[in-house]
Chemist: 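Dropping a structure here in structure tokens format, bear with me for questions.
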Amino acid sequence: MTTERTLGLIKPDGLERGKQGQILDVILKKGFKIVAMKQLRLTKAQAEGFYAEHSARPFFASLCEYMTSGPIIALALEKENAIADWRTLMGATNPEKADPGTIRKEFAVDLEKNTVHGSDSSQSAHREVPYFFSALER
Ligand code: UDP
Ligand code: MG
């Protein structure tokens, strides 16, 4: 296995309900190194650009509105096998289907407000980490 970096986001519902401390604690306890972190609020255009792959989906407009509804925390996470391991720790997109012990099972509100994002592949990670962090920040 090789050391990888992936993008994590704590979405607006996580910050709104004050869950960011508990989520960061889980991330660190699972052995991820936080190599970059910042809190920000996305503009509509930034949210649409980030989720461009979903632009034709029926949930796209609502997703972008939700993702701009409050601040988020962006994380560049590093460890061996980080991309797959972060997806595993997040749990299924639909929290009702997420395994016990996953962040979404523990913290998510519903299918849209599911508390965290993670890059789904090496290709996505290579696009998404620089979407949030400049070369000087990571
Ligand atoms: N989403 C939604 N309705 C759906 C599917 C997805 O609102 O039917 C939202 C949800 O917040 C999800 C995001 O859109 O996390 C991106 O969807 P994707 O399928 O990429 O899921 P993820 O990679 O986040 O698990
Ligand atoms: Mg996805």
Side-chain angles (χ1 to χ4, degrees):
M1 268 188 264
T2 55
T3 301
E4 296 174 338
R5 286 185 178 191
T6 192
L7 181 80
L9 298 178
I10 305 176
K11 296 180 175 184
D13 68 276
L15 277 70
E16 162 83 30
R17 292 175 296 127
K19 304 299 186 190
Q20 60 272 57
Q22 288 175 74
I23 293 167
L24 291 169
D25 194 46
V26 170
I27 289 169
L28 293 169
K29 285 189 171 133
K30 288 286 182 181
F32 291 89
K33 191 172 158 194
I34 299 174
V35 294
M37 172 162 72
K38 64 178 153 191
Q39 182 166 320
L40 68 142
R41 186 167 178 167
L42 289 170
T43 64
K44 186 163 181 269
Q46 287 166 342
E48 288 170 351
F50 182 68
Y51 279 117
E53 63 172 317
H54 294 313
S55 60
R57 308 288 292 278
F59 59 81
F60 181 69
S62 177
L63 172 63
C64 292
E65 190 173 329
Y66 154 60
M67 286 299 291
T68 59
S69 66
I72 64 172
I73 291 174
L75 304 159
L77 302 175
E78 185 178 275
K79 81 190 262 310
E80 279 200 356
N81 206 38
I83 298 165
D85 285 0
W86 174 230
R87 293 287 301 190
T88 299
L89 181 57
M90 284 167 44
T93 306
N94 184 345
E96 287 178 12
K97 295 181 181 155
D99 289 333
T102 62
I103 292 171
R104 282 168 166 170
K105 181 69 174 186
E106 196 89 350
F107 296 106
V109 177
D110 58 32
L111 173 58
E112 179 178 79
K113 297 175 179 58
N114 59 6
T115 317
V116 280
H117 168 85
S119 308
D120 65 5
S121 64
S122 174
Q123 193 189 337
S124 297
H126 279 98
R127 180 181 88 87
E128 293 179 357
V129 173
Y131 196 88
F132 281 91
F133 298 104
S134 77
L136 290 175
E137 294 172 315
R138 56 189 155 88

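Please read all numbers here as calculations on a predicted model, not as lab measurements. Counting starts at 1 for both ligands and their atoms, following the listed order. Hydrogens, waters and symmetry mates are skipped; everything else that's a heavy atom, side chains included, is used.
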Chemist: Show me the pairs that pass salt bridge (Lys or Arg N to Asp or Glu O under 4.0 Å) and involve residues 109-125, at least two apart or across chains.
Modeler: none
Chemist: Decide if atom NE2 of His126 counts as having more than 12 heavy atoms of other residues, nucleotides or ligands within a radius under 6.0 Å.
Modeler: no
Chemist: Give every residue pair that meets the side-chain hydrogen bond (donor to acceptor under 3.5 Å, both in side chains) criterion with at least one member in residues 67-88, sequence neighbours excluded.
Modeler: Arg5-Glu78, Lys79-Asp85, Asn81-Asp85
Chemist: Should the heavy atoms of other residues, nucleotides or ligands under 6.0 Å from CD of Glu16 be counted, would the total exceed 12?
Modeler: no
Chemist: Decide whether Tyr51 and Phe132 are clustered together by the hydrophobic rule: side chain heavy atoms of Ile, Leu, Val, Met, Phe, Trp, Tyr closer than 4.5 Å, transitively.
Modeler: yes
Chemist: So if I only count non-hydrogen atoms and take anything under 4.0 Å from ligand 1, which residues does that give, chain by chain?
Modeler: Lys11, Tyr51, His54, Phe59, Leu63, Arg87, Thr93, Arg104, Leu111, Glu112, Asn114
Chemist: Can you tell me which residue pairs pass the side-chain hydrogen bond (donor to acceptor under 3.5 Å, both in side chains) test with a partner in residues 26-37, sequence neighbours excluded?
Modeler: Asp25-Lys29
